[in-house]
Amino acid sequence: MGRAGETSLLVVCPARANAMPPVTEQPSSSLRPRASGSAPRPSGRPDGAARTDASALDRHHERIRRRGVNRLVLLLAHLTIRPAILLWFRLSRTGREHIPRRGAVLLASNHRSFLDPWLIAVCGRRPVYFMAKRELFANPLHGWLLNALGAFPVRRGESDEAATETALLLLERGEAVVIFPEGTRTRSGSLRRPRRGIGRLALATGAPVVPIAVLGSDRARRGWRVRPVKISVRCGRPLTFPRVEGPSQRLAAEVTERIWPCVELQWEWLGGLPPLRTAAVVGAGSMGTALAALLARAGLDVQLGCRRADQAAAIRADGRNADYLPDVDLPSGVRVATVPEIEFGGIDLVILAVPSRDLPQAMAALGARVGDRSAVLVLAKGLVAPLATRPTAYVEARVAARAVAFLGGPAHAGEAVEHGASVVLAAADDDLLPQLAEVLERAGLEVERTDDVAGAELGACAKNAATLAASVAASVGNNAAGAAAGRVFAECFELAVAEGARPATLAGLAGVGDLVGTVLASASRNRRAGELLAGGMAAEQVPGALGCAAESLDAVPLLVDALGAAGIDCPATGGLSDLIAGAVSAERWLDRLSGAPGEEDRHVA
């Protein structure tokens, strides 16, 4: 292993990492370990309980630094726990020969379960050391046993210099140290983005790094039961990096980015869920274009699918969507094509950015082309005719995709790209929900996660109907607008609860939050649709005047059908549906809503 200033050989993971350019760093003492007899630095918490806790943790660090593992306890574990793990979990160990029998080594692994350190230890032919959350050391006997087997405490969620120094001293002594770069357990989905600590340790010590993946350990524990599930561990070839005194954060991040793809490679070789790398957006309207730009910002390879060839050619030539999102330049990671030109079989994420009324046509063209390893994200905020079907339910019945999710919340396209937005991501699949949320967060969005798909979709539908009602009634005044929106939303709220939605979902971003954002947005299609209806324009003429569809015009009649099927009285929503159908005027609907006698009633009287 090279020292600072010497020539070092950089070994990288085949086909997944590139040669790292040489970087000269300024010396720093931030990662230099102190002598093993020196006391760890205090935690900085002044209260007596914190000092007592810190003192107990310090003793565990000192024991590991001075004595290492307890050889007798380790022998007993080797004779009892090791065979039990091998038999109970039918443990498959691939590539264990890549773990060196002697000398300093970092074992970098994904983290799914409390079992992971023990599973990795079973793969090696030597003692291994690992960090464990400090809460596990609260019980003195439990803490002593963990310490004797090679564990030392770490304060999660904060910079823990004592844990870092212990790891450095162990590596300087030529030990094997297990590191989980994700920082915490990832219980479902693909692997999380790593933290740069593994890169800092690799550079500060020059120790080789063995990329490791563990698959299946997350299914072992149910409550206090540890079930005999099949678990696989795969170790890759060691990676080496030049030793650098005081590596900078930038260089540590670069090295981490070289290590982590090799861990992902082992993970995917075992059959683990790969990260989302490619996406295809069907629908080049304002929201489809915005989401394509956001996903490219998150690092995905994105294709934006247009309905017409001339639209695709214009967007490619201009570098932006002049018709729907003229102020947003498309990143270089977005390729523009027509929908038929996109090969959906190899796409990780398919985004359906089309209105609910166009979903049947889109599914007829795409349903059979979406692969079973793809996920689908639906943006439609309405219901699908003729049965008032929720969009995700309609899509799920027509694709072989592994999971379907819905994106809602107050996210107006241009603002979302420029300033970010708060969105609601709803999915019943435990793997897709965190995986897709992480991608959207990398794109700059604040993501609220929920498994209440019905609540999120019906909340969006209620928002559109209430926005339409408010904008029609605003021609009379703000009081009328508030009354109209409140009554329509209340009826839709009752429907959503009857369909199994959680009230909190509709009261949050997916419903009320989205409603406020849409009513205040002067460029909102549904607000403009209501204003045009109030001005006397027929509903069938509104999409032409807007240049695009307004979901509320299609959703309200379907909501009335769903409310009737559920036995829910809906005078406000029913009257709004009559207005859309041209059966009543805006003035007549408002008179009915307020309880005032209409023109016909006054003549009869």
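What you see below is based on every heavy atom in this structure, not just the backbone, and it leaves out hydrogens, waters and symmetry mates.
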Q) Going by heavy atoms in the side chains, are Leu300 and Thr278 under 4.5 Å from each other? A) no
Q.
Which residue is it: Glu264, Glu268, Gln435? I am looking for the one with a side chain to side chain contact (heavy atoms under 4.5 Å, CB included) to Pro274.
A. Glu268
**Q.** Side chain proximity check, Arg402 to Asp372, heavy atoms < 4.5 angstrom
**A.** no
Q.
Can you confirm whether more than 12 heavy atoms, excluding those of Arg527, are under 6.0 Å from its CZ atom?
A. yes
Q.
What I want to find out is whether Arg277 reaches Asp348 closely enough, with some N-O distance under 4.0 Å, to be called a salt bridge.
A. no
**Q.** Heavy-atom closest pair, residues Lys463 and Thr518
**A.** CD-OG1, 3.3 Å
Q.
Name the residue from Val354, Thr392, Val350 that meets the side chain to side chain contact (heavy atoms under 4.5 Å, CB included) definition with Val378.
A. Thr392
Q: Count the heavy atoms of every other residue, nucleotide or ligand shown that sit under 6.0 Å from CG of Asp310, and state whether that count exceeds 12.
A: yes
(Q) Take a 6.0 Å sphere around CZ of Arg525 and say whether it holds more than 12 heavy atoms from other residues, nucleotides or ligands. (A) no
(Q) For the CG atom on Asn479, are there more than 12 heavy atoms of other groups (residues, nucleotides or ligands in this structure) within a distance under 6.0 Å? (A) no
Q.
For the residue pair Arg185 and Phe114, would you count it as a cation-pi contact if the rule is NZ or CZ under 6.0 angstrom from the ring centre and within 45 degrees of the ring axis?
A. no
**Q.** Close side-chain approach of Thr289 to Val328, heavy-atom, < 4.5 Å
**A.** no
Q.
Tell me whether Arg398 forms a cation-pi arrangement with Tyr394, defined as NZ or CZ under 6.0 Å from the six-membered ring centre and within 45 degrees of its axis.
A. yes
Q. Is the shortest heavy-atom distance from the side chain of Val497 to the side chain of Leu506 under 4.5 Å?
A. no
Q) Do Arg195 and Pro181 have side chains that get closer than 4.5 Å, going by heavy atoms? A) no
Q: Look at atom CZ of Arg449 and say whether more than 12 heavy atoms of other residues, nucleotides or ligands are closer to it than 6.0 Å.
A: yes
Q: Assess whether atom CD of Glu446 is packed by more than 12 heavy atoms of other residues, nucleotides or ligands within 6.0 Å.
A: no
Q | Evaluation steps, side-chain contact (heavy atoms from CB on, under 4.5 Å), between Val334 and Gln303 | A | CA-CA 6 Å; Val334 177; Gln303 296 182 70; over 6 Å; no
